[in-house]
Structure formats: structure tokens, C-alpha cells
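What follows is a short report on a single structure.
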Amino acid sequence: MSKLSRNERRAVILKLLGTHKQLSNQQLSSLLAVTTKTVRCDLVQLEKDALVKRVHGGVTLSAGLDITKYSFDAMLAELIQHHSLSGNLELDSHQGKLNKMKHNVFVLGSFNVDIVANLERFPQPGETMHSSSSSIGAGGKGANQAYAAAKNGANITFMAKIGTDQFSQFARQHLSSTGIDNTIIIESSTSPTGTALIYVSEQAGENMIAVNEGANMTMTAEDIYSAKPHIINTELFLTQLETNFDAIKLAMEIAKEHGAKVILNPAPYHNRIPELLPLVDMLTPNETEASLMTGIEVTDLDSAKQAAIAINALGVTSVVITRGGDGVLLYENGQFTQVDALKSAVVDTTGAGDAFNGALVAELAKGKTLHQAAKYANAYASLAVERFGAANMPDASLVAARLNA
């Protein structure tokens, strides 16, 4: 890493303590690539400024300190506000220059390892079938949606929890390769990294999935508070239901309180979803989830409209029902809009909903209308089903051709 100035080092120390609560001198020395003597000098000054408290062999934040004041995002936002700069700006850490700011999206969600078997058809109960191929790849609704959003130009912060097992390094390597701007990875010492067992039918391109959430379900309130500086500076907050429910609710409350638009993909279905609806600005269920939420069996366009009205009546401003091969139904401001399905050579529908949600939020972050964003996301998802693997997201450059086909 490039050598940091004294003030830069101290800002980094505060940032790290906002996430990790307590660090040793040796850890800071290693992270900052300086001697422990230099670290001690920095800590002495920070303690004089009442920002940190030195403990044996390390440091922690001073009691009552509002670390959000010292987050880089908050500092930059305050600088822009006070100096009335035209347009949104960000500091490019590689160039050291101010550039046009990307669109900020926080995604809270799961990371799973997908174990996929491709079969001619789905097996019957008690039947053993030979798989034509199998693979191990990255997945999880949160990770997939964050990846898709990043592929479509959004500035993403993604937060997930993994285990300390044979899959943890795999998770880190995958997330570092996705183009996601910032990852917050919490490790559980008691639960394994989440896994998903996936059957893909070669006849229909459909899938069956069994998920073991593992560490995803151990996300705690403390974990969420450690990410609060990022959550409060986001424009759009996207989450799903493969993470501990109470942690999801807390994160949504923080996002909502600080003015973010909250988008919930209610998958997989959870019977406590009604608790979240007062915090939700936009809901993106598929037909099954819309049916479970409303008690209205969604089988066609008319029943989808009835379900959308019912969800809206529960307090959700915008409803987006994805209907697979029948396209997407939008309901906003008392108006329905239908986005027709696009022709595609379906080989694997795993992750299609995640591709849609990620592309949708990326377009909304760019200021597009819901109809514009959904039309784009529908095209992006149609490209995703032509690829094997939930995390095999297509390039955004292909969307224009699909829309104009």
C-alpha cells in the first residue's frame, strides 16, 4: 500500500475501530505497514484528543464517541455540503482526485457456497439419478444481488457473515473479484459458511434449492452497529431474508431513519414479513412470495394485480412482482405497468431474481423511473438465465442489444 501521512493513518485507525471495536498495536502496525513505535505515537495523540482509549497492548474507542463523525463518507458529505460544490463528488483513492460520485447502494445479505448438480430432470422421491455435471460456486441472494448491481455501475457496499471453515477463503476471493466497491465480512466462530444444494433440470432450465444458512443466521445487532457508518450514508438499502431476521430489521430501521430508500426482496418467504413492511419503500416478490404474503393465489395477470393492491394496502409504496416467463408487474401511485418478458435461451434460472433485483437497484440509484429500471432489469435477468450458475452475472454492455432485439 502507498505510504500514508500521519493524519491519514489516524483517520484509518478511527475507521478500523468503528468496525472492530478493539485492535492491538501489532495488528495496526501490520495493517498500516509502519513500526509499532509509530503506531504508539499515533495512539498517544488520538488519546490526547479524547478519541481513543489505550488498553494493554492495543486501543479501543473512547466511551461515548460518535464514530460516524469520522467515517470517510460522512467527512466527505460534510465537506461537499459546507462548500456548496456543484454535483456529487467522491475521492478516488487511486488517483487522489475528486471525481463524479457513483450511486451509493448498501446491500445486506447472505453469502453461500452453491453446490450444483445438473440433471436431465428432477428426481422422484427415493430415486437416485446420475448428474451430467456438477460444480461448486459462489452464491447467496445478497452476494448475487450486490454483484449484479456492481456489474451495472452502482457503488456497492455489501455486508455478509461467513464461517471460519474451508469455504471462508473461497468467499473472500470471490467477493474481491466481483467489482463490489466495499465488502464488510463478519466471521462466525461457531457456524459454518452458508451452503445451497441446487438441482438444475436440463429439460426445463428450472431449479430446486435447499439452503443451509449457517453463519448468515448468526448476524447480530453488534455486527449491524459496526456497519452503521456505511448504512447511514447510503441512498438505497437492499436486503433479502437469508440473514438473521432481527439483524435485518435493525439495519432497515437505521437506513430508514437516515433517509435511505429501503427495498426488500422477500425471499425466501418469512412469516414475520409484516413486521418489516412499515420500513419498506419497495417490495420485489415473485408470484409465490406475493401469494404467501396476501393469501391471493397468483396464477395470472389479474390475480397478480390483486396481490399488488393488497401489498400496497399494507403500506408499501411501490410493488414489483416478478412473474418469470410472464414478465414483471409494477404497481406505483395507483397505476399498473406491465413489463413483458423477453425471449431468451433459458439454461438455468438460478439467480435470475437476484440478477433482476441487482440491476433494478443499480438503475434506480442512477435516477431512473421504476418503469425504466424494471425494463432494464428484466432484460438483464433474461441474459442471466442464459448462463449456468447463480453468480455468473452477464456484462451490462449486453443489455442494450437485448432491449433492441
> Step by step, would you call I162 with F167 a side-chain contact (heavy atoms from CB on, under 4.5 Å)?
Replying inline: CA-CA 8 Å; I162 62 175; F167 290 130; over 6 Å; no

I want to know whether H270 and F245 have ring centres closer than 6.0 Å. yes

Could you measure the distance from the [atom1] atom of [X] to the [atom2] atom of [Y]? Nearest 0.5 Å is fine.
X    : Y    : atom1 : atom2 : answer
M282 : L364 : CE    : CG    : 5.0 Å
I231 : Y225 : CD1   : OH    : 10.0 Å
I115 : I209 : CD1   : CD1   : 13.0 Å

For [X], give me all partners under side chain to side chain donor-acceptor pair (under 3.5 Å), at least two apart in sequence or on another chain.
X    : result
S382 : R402
N244 : none
D300 : S303
D395 : K151

What is the ring orientation for Y147 with H174, classed by angle as parallel under 30°, tilted 30 to 60°, or perpendicular over 60°? perpendicular

In short, salt bridge (charged side-chain N to carboxylate O under 4.0 Å, His left out) pairs touching residues 273-289 with sequence neighbours left out are K249-E275, K256-D281, R272-E275, E287-R323

The complete set of salt bridge (charged side-chain N to carboxylate O under 4.0 Å, His left out) pairs with one or both residues in residues 195-204, sequence neighbours excluded, reads none

Just by modelled atom types, is the [Y] backbone N or O under 3.5 Å from a matching donor or acceptor in the [X] side chain?
X    : Y    : result
N216 : E213 : yes
N265 : T284 : yes
T294 : I296 : yes
Q22  : T60  : no
K161 : T218 : yes
S29  : V34  : yes
Q27  : S24  : yes
T234 : L236 : yes
N286 : T288 : yes
D181 : I156 : yes

Check: residues 311-319 side-chain donor-acceptor pairs under 3.5 Å, at least two apart:
unit_1: N312; atom_1: ND2; unit_2: V316; atom_2: O; d: 2.9
unit_1: S318; atom_1: OG; unit_2: E332; atom_2: OE2; d: 2.7

Notebook entry, point to check: Stepwise, does the side-chain contact (heavy atoms from CB on, under 4.5 Å) test hold for L108 with F106?
Noted result: CA-CA 7 Å; L108 171 67; F106 189 101; 4.0 Å; yes

Using only heavy-atom distances, determine whether the side chains of [X] and [Y] contain a donor-acceptor pair under 3.5 Å.
X    : Y    : answer
E363 : N152 : no
T36  : N25  : no
S134 : S131 : no
S133 : N118 : yes
D223 : T220 : yes
E242 : S110 : yes

If you look at every heavy atom in [X] and [Y], which pair is closest and at what distance?
X    : Y    : result
S201 : R121 : OG-CA, 3.8 Å
M219 : A160 : CE-C, 4.0 Å
S344 : V385 : OG-CG2, 3.5 Å
H258 : I254 : ND1-O, 3.0 Å
G139 : D114 : CA-OD2, 3.3 Å
A290 : P285 : N-CB, 3.8 Å

Could you tell me which residues satisfy ring-ring contact (aromatic ring centres under 6.0 Å, His included) with [X], sequence neighbours excluded, listed by chain and number?
X    : result
Y376 : none
F158 : none
F122 : none
Y380 : none

* Asked: Passes side-chain contact (heavy atoms from CB on, under 4.5 Å), V211 versus N112? Steps please.
  -> CA-CA 8 Å; V211 176; N112 292 326; 3.8 Å; yes

Quick note, side chain to side chain donor-acceptor pair (under 3.5 Å) partners involving residues 186-195, not counting sequence neighbours, are D165-T193, R172-E187, S188-T190

